[in-house]
Amino acid sequence: MQEKKHPNIKETIYFEELDNGLHVYFINKPGFNKTYATFTTKYGSIDNEFSPIGQAAMKHVPDGIAHFLEHKMFEKKDYDVFEKFSMHSGSANAFTSFTRTSYLFSCTSDLDENLTTLLDYVQDPYFTPETVEKEKGIIAQEIRMYDDNPDFKAYFGIINNLYAEHPVKIDIAGTVESIQDITADLLYECYHTFYHPSNMIMFVIGEMDVAHTLNLIKENQAAKDYVKQEPIPRSYPKEGAAVAVKERTEEMEIGTAKVFVGIKDPVVGRSGKELLRADITAEIIFDLMFGGSSDYYESMLNKGLINDSFSYETTFEPSFGFSIVGGDTKYPDKLAASLVETLQGAGSIDFNESEFERIKKKKMGRFLSALNSVEFIANQFTQYMFNDVDLFSILDVINEITIDELQDMAKSYFIPERMSTYKLVPKKA
Amino acid sequence: MQIRHFDDLGYKLTTVKTEKFKTNLLSFTFHSDINRENVTKRSLIPYVLRSSTKRFPTKKKFNTALEDLYGASLSATTEKKGKAHNIKFYLSLANEAFLPGNEPLMEEAILLFKEMLLNPLARDGAFDRTVVETEKRLLEEYIESLYDDKTSYALQKLIENMCQEEMYAINSSGYIEDLPGVDAHNLYEEYQKMLESDALEIAVVGDIDADKVHGLFKKHLNLKTPVKSKDTLDLEEKSIGQVEIVKETQDIAQGKLNIGYRTHTRINDPDYLPLLVFNGMFGGYAHSKLFMNVREKSSLCYYCASRLDNFKGLMYVYSGIEPKNYEKALAIIEEQLTDMKTGAFTEKELELSKKSLINSKLESLDQAAGMLAHETLNEMLPIPFTVESWIKAINSITIEQITAVAKKIETDTIYFLTGKEVE
């Protein structure tokens, strides 16, 4: 077992790769009541074209299948997964994102039993045509719930403007129509391809005996016949650097308009520290341009163009990346024009050293604050690790970034052809 | 976790020492009875205070000062709790032990809070007019945006309908129609009233030295008044003739079904804990009757759950369904409640609910907010619970206690927000 100490945040991370390829990580948190564990596959909504295990040819699967599979993993022939956890003071859940599917529990006793339940239920699929059909009704209502959510609609609205081909544009749950094509056989095929331990990470955080817990996982895995596997061939469509749609407006049953301006990152294939640096550099630029201490924020507030819903975010992954800024507004056209103009001017900003240092301080404090949450640590660590990034190197990276890197990125990232505007406006009576 | 209370500074100061976190949390709560007449002004005050001070006369300058304190975050909010309207501020800051330089962040944070509370941008008995007008606009836009979140909009409408004769119907965020009557002067008067009459509670959670923290507050924020008491439980009741059914149609994809009940049970009642266990069995968890029957067995929804308000004695059931399944869903939900009342449940269901409740309680104590919630709860009980005695009490609850508390529950109002293609 390897051990990596991070003295600046008083955490130690333990790691081992098992014979079957599973990567296992532990963080010991003495004094915590709760232990939190995630068992995550590097398989999300964007992985809709791949070579199924044992086959050479690429295969395209229906939109929403990774999320559908997540739901169906809870169905078992002769027991109820939630109940099994609850009997041992555990509480189970799962989620699907663009790039991964995660099964998790938290518990306040019986860690061994709960970990065993987690490993066993995720490694024992049970799908029948009847149970798959029944799930379609439940997931259709989940999709309808999101259909009525304007924030969700605007988020996917701007991503669809940015991307023409890449599956990041597809709703994670798919559509009520697309999930009708999902069958038990297709679910098994996706399952056997992506739920191999070689494609998964187990992360356990809480008060525990690390050696004992590792041993439990090792023995559980050794008893199942998995053989270490090569990475899964996946294919993402070719995506141009320019945006798919420059500008689009949709209507909805809402009272207040929403405006989002997005920028698409055309660089693919970044990973490790390079990816993290780009991500944090972009975040710092947005903090400086649009944050609560920026001139822009103050002037837009005073002009009445923005309110407390104003926000921005950056997402950088190896196969896609984008930044989004915007919020609710009474003046969608004015706000959109102003945001586009400001973003287009980023390349000529002369960043101020003392403001830059202040934002760095802020990012450090906020990162420490995020580390209070064991859920944050487990989920972020796993997401980063799939991209060969160490979450705990963030403080170092924040420290290392120079103002020159900011200037470079401001020039290379904020390109007019890569920007798009999405407006969601109240339906006219 | 070591808890200390101090009451020599004109407010209640609670310190919770724990090594679990890398930050320290300071929470400030101003309690007052909720009142339709001043609720909008009270909703505005925290945002006006949070926007500027004499020393930091703009939001930009105020936010800059917070960023300089390693991204300390200061948030303002209001809430309705029972019959109380609370104005709250949370100040979260990094523990200096994890930072280069060892700056005394705690003392600076207390000074910053004091500046915000006692030195607002005001003169001649009035806040700055521009600040007030900006915050009025922001509050108005916030209240308007509540319409766009259909799930919480439907729940708010349910409460307004079922409690229309009661104080509880008052919206804690205030009312747009009041805003034209709010000005820099009368808002300042309301602010002074808040300082004079509200019961203030301050709590500090983190890896702290309680005496040192108390010393800092004594040095910088000694109000030199007696501690005021607060009263939160809302005892207003209503006799229900027949169940009220309200339907509203909007252009939406999914129907939002909300049912309001009277539990006639509050935190200080003897059957408060049986009610918690009841709720876990009925609709609180993924093994509950609502989840198992409305979702898993009938595939009618993605979510169907129940939630308690124990400051008022209410329960809500909420679910998102196809509009055409309204009658079906309603019938299944009612059947589950009947089963709870008649004892048509297993020992196992009881056991699962107890275990889940205990698990949730223990987990909540890993968070600063959960630690404070446990303390707040204890204040309202005749005999405070330790974590151990609380667990013991939950474990001793019987089937008879569950059916007894279930039988007290009455359906009050059904609110259905539905799409256009109904029937």
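Throughout, protein chains are lettered first and strands after them, A, B, ... in sequence-line order, and every chain is numbered starting at 1.
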Side chain, backbone, both or neither of [X] within contact of chain A (heavy atoms, under 4.5 Å):
X         : result
Ile321(B) : backbone
Ser353(B) : neither
Glu351(B) : side chain
Leu105(B) : neither
Ala65(B)  : neither
Glu19(B)  : neither

Distance-minimising heavy-atom pair for [X] and [Y]:
X         : Y         : answer
Arg366(A) : Ser73(B)  : NH2-CB, 3.4 Å
Ala94(B)  : Gly365(A) : CB-CA, 4.4 Å
Gly320(B) : Gln141(A) : O-OE1, 3.8 Å

I'd like to know if the side chain of [X] and the backbone of [Y] have a donor-acceptor N/O pair within less than 3.5 Å.
X         : Y         : answer
Arg137(B) : Leu301(A) : yes
Asp148(A) : Gln254(B) : yes
Asn33(A)  : Glu363(B) : no
Lys134(A) : Glu296(B) : yes
Glu298(A) : Lys60(B)  : yes

With a 4.5 angstrom heavy-atom cut-off, is it the side chain or the backbone of [X] that approaches chain B, or both, or neither?
X         : value
Glu251(A) : neither
Asn149(A) : neither
Thr35(A)  : neither
Lys360(A) : neither

With respect to chain A, which residue among [options] yields the maximal number of heavy-atom pairs within a distance under 4.5 Å?
options                                 : value
Ala368(B), Cys301(B), Ser92(B)          : Cys301(B)
Lys256(B), Glu133(B), Gln367(B)         : Lys256(B)
Lys150(B), Met292(B), Gln250(B)         : Gln250(B)
Tyr47(B), Phe98(B), Tyr303(B), Phe21(B) : Phe98(B)
Asp148(B), Thr23(B), Leu146(B)          : Asp148(B)
Asn63(B), Asp366(B), Asp251(B)          : Asp366(B)

Inset, instruction - Output, in order, the C-alpha distance, side-chain angles, deciding distance and verdict of side-chain hydrogen bond (donor to acceptor under 3.5 Å, both in side chains) for Thr108(A) and Asn359(B). - result: CA-CA 6 Å; Thr108(A) 51; Asn359(B) 189 39; 2.8 Å; yes
Inset, instruction - Scan side-chain atoms only and decide if Glu142(A) and Tyr302(B) contain a donor-acceptor pair under the 3.5 Å cut-off. - result: yes
Legend entry - Between CD1 on residue Ile138(A) and CG on residue Leu300(B), distance to nearest 0.5 Å: 9.0 Å
Legend entry - Spacing of OH belonging to Tyr147(B) relative to CD1 belonging to Ile254(A), to within rounding of 0.5 Å: 9.5 Å
Legend entry - Check ion pair Lys362(A)-Asp68(B) (N to O, under 4.0 angstrom): no
Legend entry - Pair Glu83(A) + Lys355(B), salt bridge at N-O below 4.0 Å: no
Legend entry - Quiz item: cation-pi between Lys59(B) and Tyr297(A), 6.0 Å / 45°: no
Inset, instruction - Could you walk me through whether Glu141(B) and Ile306(A) pass the side chain to side chain contact (heavy atoms under 4.5 Å, CB included) test, one step at a time? - result: CA-CA 10 Å; Glu141(B) 292 185 16; Ile306(A) 60 170; over 6 Å; no
Legend entry - Derivation and outcome, side chain to side chain contact (heavy atoms under 4.5 Å, CB included), residues His287(B) and Asp80(A): CA-CA 9 Å; His287(B) 46 72; Asp80(A) 185 294; 5.5 Å; no
Of the listed residues ([options]), which shares the most heavy-atom pairs with chain B below a 4.5 Å separation?
options                                   : result
Lys29(A), Glu75(A), Lys330(A), Lys363(A)  : Lys330(A)
Gly90(A), Gly137(A), Ser109(A), Gly255(A) : Gly255(A)
Asp295(A), Asp287(A), Asp147(A)           : Asp295(A)

Inset, instruction - Begin with the C-alpha distance, continue with both residues' side-chain angles, and end with the deciding distance and a verdict on side chain to side chain contact (heavy atoms under 4.5 Å, CB included) for Glu322(B) and Arg144(A). - result: CA-CA 9 Å; Glu322(B) 275 307 313; Arg144(A) 292 277 180 251; 3.9 Å; yes
Legend entry - Any Lys22(B) side-chain heavy atom under 4.5 Å of Ile9(A) side chain: yes
Inset, instruction - Kindly indicate whether the side chain of Ile359(A), heavy atoms from C-beta on, has any atom under 4.5 Å from the side chain of Glu67(B). - result: yes
